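Data block below; observations after.
For the numbers below, each heavy atom of this structure counts, side chains included, while hydrogens, waters and symmetry mates do not. None of these values were measured; they are calculated from a predicted model.
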Amino acid sequence: METPLDGSWALVLGVSSGMGLAVARRLAHEGVNILGVHFDTASGQEKAEVAVEELRSLGVQAHFHNANAARAATRAELVPAFRELTGERGIRVLVHSLAFGTLVPFVPEEGTPGVSERQMNMTLDVMAHSLVYWTQDLYAAGLLRQGAKIYAMTSAGDLKVSPNYGAVSAAKCALESHVRQLAMELAPSGVAVNALRAGVTVTPSLERIPEHEELVERATRTNPHGRLTRPEDVGEAVLLLSRTESSWITGNVIGVDGGEVLTA
């Protein structure tokens, strides 16, 4: 059975651009209040402030925090604040959309060093392990209750390889493993946990990949819909999956790619 989302709360990690912002916008249109964490420079902060005002113009509450979501100190500061803001409602939707990792080959080439231990650890910590730590702290604070939904953004890099994507690919594989484990452990509490595998989507994180133009060309040519995935497609998927109290859809990698994986 579907339940209205109006007046509920969502927390989006990586809210200031790309898929995170698209999810926040789509949920806000349904009356969902938005909590967001992002990590930006001055120019990115200005865009985030514009986004906050846009969301508030829809009649919802919106509170963004420019902080490193992968730091324990950030969670220690924000989780109590979120508990005070959300009150009895808690957090209905948690979206993990952190896209900050190293794009360096594993093996050194032509005097260029391969990926370092620090780079590898940072990539997995931000893009995978932080999902576990946020879930732990939110659950301990009583903010994840029956009917809550957790979404982690993965990609086709969980299976496919490209020259500079090794560390991020490892993070996506770890992220999907974390989703399965959390789904099993949170099932008795009625909390669903899934990974969303978007197709190739033009976002700031994609444009940082050296071979992104080739990825865009191939996906445009082969996607059965004849176009790329858009951030709005991901926002729509989150909305649809979040309308039910049921936690029976859990522990999955759900494709949001228009069938791209079928023909790529």
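Atom CG in D6 sits 8.0 Å away from atom CG in N33 (nearest 0.5 Å). Rounding to the nearest 0.5 angstrom, the gap separating the CG atom in L55 from the CD atom in Q61 is 12.0 Å. To the nearest 0.5 Å, atom OG of residue S116 and atom CZ of residue F106 are 11.5 Å apart. To the nearest 0.5 Å, atoms CG (L27) and OG (S242) are separated by 6.0 Å.
V168 and L131 end up in the same hydrophobic cluster when Ile, Leu, Val, Met, Phe, Trp and Tyr side chains are linked at under 4.5 Å. Both Y151 and L5 are members of a single hydrophobic cluster when ILVMFWY side chains are connected at heavy-atom separations under 4.5 Å. V253 and V261 are assigned to two separate hydrophobic clusters, defined by single-linkage of ILVMFWY side chains at heavy-atom distances under 4.5 Å. Residues V191 and V12 are members of separate hydrophobic clusters, defined by side-chain heavy-atom contacts under 4.5 angstrom among Ile, Leu, Val, Met, Phe, Trp and Tyr.
A donor and an acceptor atom, one from each side chain of S155 and Y165, are located under 3.5 Å apart. At a cut-off of 3.5 Å, with distance as the only test, no side-chain donor of Q45 or D40 sits close to an acceptor on the other residue.
The 12-atom threshold is not exceeded at CZ of R118, counting heavy atoms of other residues, nucleotides or ligands nearer than 6.0 Å. No more than 12 heavy atoms of other residues, nucleotides or ligands sit less than 6.0 Å from atom CD1 of I249. Within 6.0 Å of atom CZ in R56, more than 12 heavy atoms from other residues, nucleotides or ligands are found, so the atom counts as buried in its surroundings. Around CD of E213, the count of heavy atoms belonging to other residues, nucleotides or ligands within 6.0 Å does not exceed 12.
For the pair I91 and L138, the minimum side-chain heavy-atom distance is below 4.5 Å. Looking at E77 and H65, their side chains never come closer than 4.5 Å, going by heavy atoms from C-beta outward.
At distances below 3.5 Å, at least one donor-acceptor pair connects side-chain atoms of S57 with backbone N or O atoms of E54.
No salt bridge links D233 with R26; every basic N to acidic carboxylate O contact stays at or beyond 4.0 Å. In this structure, E245 pairs ionically with R92, as a charged nitrogen and a carboxylate oxygen lie closer than 4.0 Å. The pair R197-E176 does not count as a salt bridge, with every side-chain nitrogen at least 4.0 angstrom from each carboxylate oxygen.
Applying the side-chain contact (heavy atoms from CB on, under 4.5 Å) test to T201 and every residue at least two apart in sequence or in another chain returns M19, A198, T203, T229, P231.
Residue pairs meeting the ring-ring contact (aromatic ring centres under 6.0 Å, His included) criterion with at least one partner in residues 108-132, sequence neighbours excluded, are H129-H178.
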